[in-house]
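For reference, the structure is listed below as structure tokens.
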Protein chains: 2
Amino acid sequence: MNKEKIKNKLTEKGLKVTPQRMFIFEAIYKLNNHPTADNILDYIKDIHPHIATGTVYKVLNVLLENNLIKKVKTENDKMRYDANIESHHHLYDTESDVIEDYYDEELDKLLREHFNTKNMPDFKIEEIVLQINGKSYNSR
Amino acid sequence: MNKEKIKNKLTEKGLKVTPQRMFIFEAIYKLNNHPTADNILDYIKDIHPHIATGTVYKVLNVLLENNLIKKVKTENDKMRYDANIESHHHLYDTESDVIEDYYDEELDKLLREHFNTKNMPDFKIEEIVLQINGKSYNSR
DNA sequence: GTATGTGCAAACTTTTTGCACTTCG
DNA sequence: CGAAGTGCAAAAAGTTTGCACATAC
């Protein structure tokens, strides 16, 4: 995700393009492992020591309100942010607290079919997110 | 869930049965709509005004560590507690922040079958929780 | 030029901690 | 009786807010 694209995303939403917004938004892409506000703050403050904590939170909230990023929460964990706004599922490693994105079109199709036949008159589904808890054996 | 059963659950885990633990645990059952710590505190303090906030948090953490209750988290929301430790899914009303439990054996079977055929060598699944986001039209 | 955004510090909310005292088993 | 639990108040985390100043458009 390059600077030009990030700039366009801000402009499309009618948001002013400020340096702070640019590098905070970039940071979420770079820290692609569902960073916490704290991760983002650390990363940013290394490069731009003068940024205010309040500004980072304000920018995160503006990006959230404009659907440019998402929030992710898991049990035993604080709020995290995700620059990946496509619909996707999460593999959650219960030991390390690492969240990995999980895509599975076949599964999504299965779910769509299941809930189409299922009659749920009281609830209008907008989105289904699977949280798959377990242990990851990734060599990292 | 009666007092005797709650008492047994504590004893089985080798936990001392104190009045505080009894009525905090009971409160989570009674406030069955995935209460926050704050909901629990309000409820308890009405009946037992002398209980300390710290004690409630300590008891909640003891119950969690002993798998007697679960935590539930959603985006845009604070931590909640759930006395229902059976595996189940959640219908999350994005407008009202209400979480309803959702059971669907057929769906669980579908998921089991799907992930059995799916080869995921790097990940050992322990539990799958669907968060179904949408709008509830429940007459309440 | 003006609406919008930022920096800063203070405040707020939620949760944890340390320690003396109390209670369960 | 001794280990474990509770009460209290202080502190730690995480996040929000208000307002003067700065900047994008």
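Reminder, nothing fancy here: chain letters follow the sequence lines and each chain counts from 1.
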Once you round it to whole Å, what is the distance between [atom2] of [N] and [atom1] of [X]?
{"X": "A/N39", "N": "D/dT15", "atom1": "CG", "atom2": "C1'", "result": "16 Å"}
{"X": "A/Y57", "N": "D/dG14", "atom1": "OH", "atom2": "P", "result": "7 Å"}
{"X": "B/L15", "N": "D/dA3", "atom1": "CG", "atom2": "P", "result": "18 Å"}
{"X": "A/Q20", "N": "D/dA24", "atom1": "CD", "atom2": "C1'", "result": "11 Å"}
{"X": "A/L41", "N": "D/dT15", "atom1": "CG", "atom2": "P", "result": "9 Å"}
{"X": "A/R80", "N": "D/dG14", "atom1": "CZ", "atom2": "C1'", "result": "15 Å"}
{"X": "A/K7", "N": "D/dA24", "atom1": "NZ", "atom2": "P", "result": "11 Å"}
{"X": "A/N61", "N": "D/dG14", "atom1": "CG", "atom2": "P", "result": "16 Å"}

Which residue lies more 5' along DNA chain C, comparing B/T11 with B/D38 via nearest heavy atoms = B/D38
Tell me which of B/T55 and A/K58 sits closer to the 5' end of DNA chain C, going by the nucleotide each one is nearest to.
-> A/K58
First and last nucleotide of DNA chain C, 5' to 3', lying under 4.0 Å from heavy atoms of chain B = C/dT14 to C/dG25
Are the charged groups of [X] and [Y] less than 4.0 angstrom apart, N to O?
{"X": "A/K13", "Y": "A/E65", "answer": "no"}
{"X": "A/E26", "Y": "A/K30", "answer": "yes"}
{"X": "B/K118", "Y": "B/E113", "answer": "no"}

A/H48 vs A/F23 aromatic rings, parallel, tilted or perpendicular, using cut-offs 30° and 60°?
-> parallel
Distance (rounded to the nearest 0.5 Å) between B/K9 NZ and B/T11 OG1 | 12.0 Å
Looking across every strand, which nucleic acid part, if any, lies under 4.0 Å from B/V62 by heavy atom: base, sugar-phosphate, or nothing?
-> nothing
For A/T18, which contact category applies under a 4.0 Å heavy-atom criterion: base, sugar-phosphate, or nothing?
-> sugar-phosphate
Are any of the side-chain heavy atoms of B/F115 and A/L107 separated by less than 4.5 Å?
-> yes
Check the pair A/K5 / A/E12 against salt bridge (Lys or Arg N to Asp or Glu O under 4.0 Å), numbers first and verdict last.
-> CA-CA 10 Å; A/K5 278 192 184 166; A/E12 277 165 26; over 6 Å; no
